[in-house]
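Just so it is clear, the model here is predicted, and its values are computed rather than measured. Here is how names work: the chains are called A, B, and so on, in the same order as the sequence lines, proteins then strands, and each is numbered from 1.
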Protein chains: 2
Amino acid sequence: MRYGDAMQNKVSVSGAGGESLLFLTDDQLRRGIEAMFFAYRAFTADPDLILAELDYGRAHHRAIHFINREPGLTVTALLDVLGVTKQSLNRVLRTLIEDGLVESRIGRRDRRERQLYLTEQGAALERRLTETQRARMRAAYRAAGPQAVAGFRQVLEAMMDRDTLRQYRALKDLPETP
Amino acid sequence: MRYGDAMQNKVSVSGAGGESLLFLTDDQLRRGIEAMFFAYRAFTADPDLILAELDYGRAHHRAIHFINREPGLTVTALLDVLGVTKQSLNRVLRTLIEDGLVESRIGRRDRRERQLYLTEQGAALERRLTETQRARMRAAYRAAGPQAVAGFRQVLEAMMDRDTLRQYRALKDLPETP
DNA sequence: TTATTACGTCAGGCTTGTTGACTTTCCAAC
DNA sequence: GTTGGAAAGTCAACAAGCCTGACGTAATAA
């Protein structure tokens, strides 16, 4: 097992093309990686504080977010977006339902399905959680400017694999990028 | 408890200024939030596969990454960057040392300190893990272009809080942004 | 000498994830 | 109308990865 013996350092040409790749040093890439790590941690810090107060975790946040995003979505659909097992989600979902934040109604088309909705209380928590992240994002967007924001989104989307991108796009109201 | 009753929708003016904030709708912000969520998941997927093979987790990856980044750093310093407890890190570090990926030498200046280094084997795993992420990042960078990359980094940095930004900058070889 | 720091470790607890097995309900196809 | 399978819920057991609290040891600093 010997990895990357030839790619030890500096300018990784990386492709066959070699267009204008001068900026793609391993240093640059590594900084991008680290920026993701630190930014993501900062990004989840605010909601985590609120959630801890209420004895919830990030899993609850994610469930609440996507139920809010698409009211009436089924358990299977939610399972698909979150990428976890039924059992894992169920535990979280059960507490949310018991606590009166989520409502589970029998499916209209198919009575086997359960359609998930936020209650007024659940929607209130969603707003509270999201607002902290929006505030952070808003501040970052204002500081960086519209052009930077476009680049930010462009790179993030380019980082997603096919399947993830599909899920991401499925959520969009108005797809802009063909 | 009633949150954000007034901010329900659309164009959040958000500041007192109102410069050229037309692009900052709640929709835009929400998409940014979701892009972070999905991109981060895609971003960690490749290393996770390799780590699972070896019965390691993300915690091991993070430790390896930062030890590689700054060979000889002390346990306390590592604790600070990772933002976890001593006990939590110790379990991870112990297995890495037992498995011969990390070496812990007695501090030169201060004999209480332990300075951490990757062994040849540890460095090999680091390269293997990082290369998957670099490849993804490289592809995304190439697809999006240099300008987008600049924006990407700019927004991520603007998202970090003071303390996180300090840690992030402390790693940099050549700080560019004043 | 004493206080403090750096590190390691034992114990116990929580959340979130996993597998595997099983039941109930319901749709749909034969 | 029976039957096969999908959707959902549940029980049990387990592991990773975090946490707090308490304690011990070694070495530096006051």
Checklist entry - Do the ring centers of B/F43 and B/F38 come within less than 6.0 Å of each other? => result no
Item to check | Connected via hydrophobic side-chain network under 4.5 Å: B/L82 and B/L93 | outcome: yes
For [X] and [Y], test the side chains for any donor-to-acceptor distance below 3.5 angstrom and give the result as yes or no.
X: B/T130; Y: A/R30; answer: no
X: B/E157; Y: B/Y168; answer: yes
X: A/Q133; Y: A/R138; answer: no

Item to check | A/A59 side chain, from C-beta outward: closest of D/dC18, C/dG8, C/dG17 | outcome: C/dG17
Length of the [atom1]-[atom2] vector between [X] and [N], whole Å:
X: A/L93; N: D/dA7; atom1: CG; atom2: C1'; answer: 14 Å
X: A/R58; N: D/dC18; atom1: CZ; atom2: C1'; answer: 11 Å
X: A/N90; N: C/dT16; atom1: CG; atom2: P; answer: 14 Å
X: A/D80; N: D/dA6; atom1: CG; atom2: P; answer: 16 Å
X: B/H61; N: D/dA16; atom1: NE2; atom2: P; answer: 18 Å
X: A/R94; N: C/dT15; atom1: CZ; atom2: P; answer: 13 Å
X: B/L82; N: D/dC19; atom1: CG; atom2: C1'; answer: 15 Å
X: B/E113; N: C/dT4; atom1: CD; atom2: P; answer: 19 Å

Next on the checklist: Using OP1 and OP2 only, check whether a side-chain N or O of B/H60 sits under 4.0 Å from D/dG17.
Outcome noted: yes
Next on the checklist: I want to check one thing: is the phosphate of C/dG17, taken as OP1 and OP2, less than 4.0 Å away from some side-chain N or O of A/R62?
Outcome noted: yes
Checklist entry - Which letters describe nucleotides 18-30 of chain C, given B = protein heavy atom under 4.0 Å from base, S = only from sugar-phosphate, - = neither? => result BBBB---BBS---
Checklist entry - About how many Å separate CG of A/L54 and NE2 of A/H61, when rounded to the nearest 0.5 Å? => result 12.0 Å
Next on the checklist: Tell me if the CD atom of B/Q87 is crowded by more than 12 foreign heavy atoms within 6.0 Å.
Outcome noted: yes
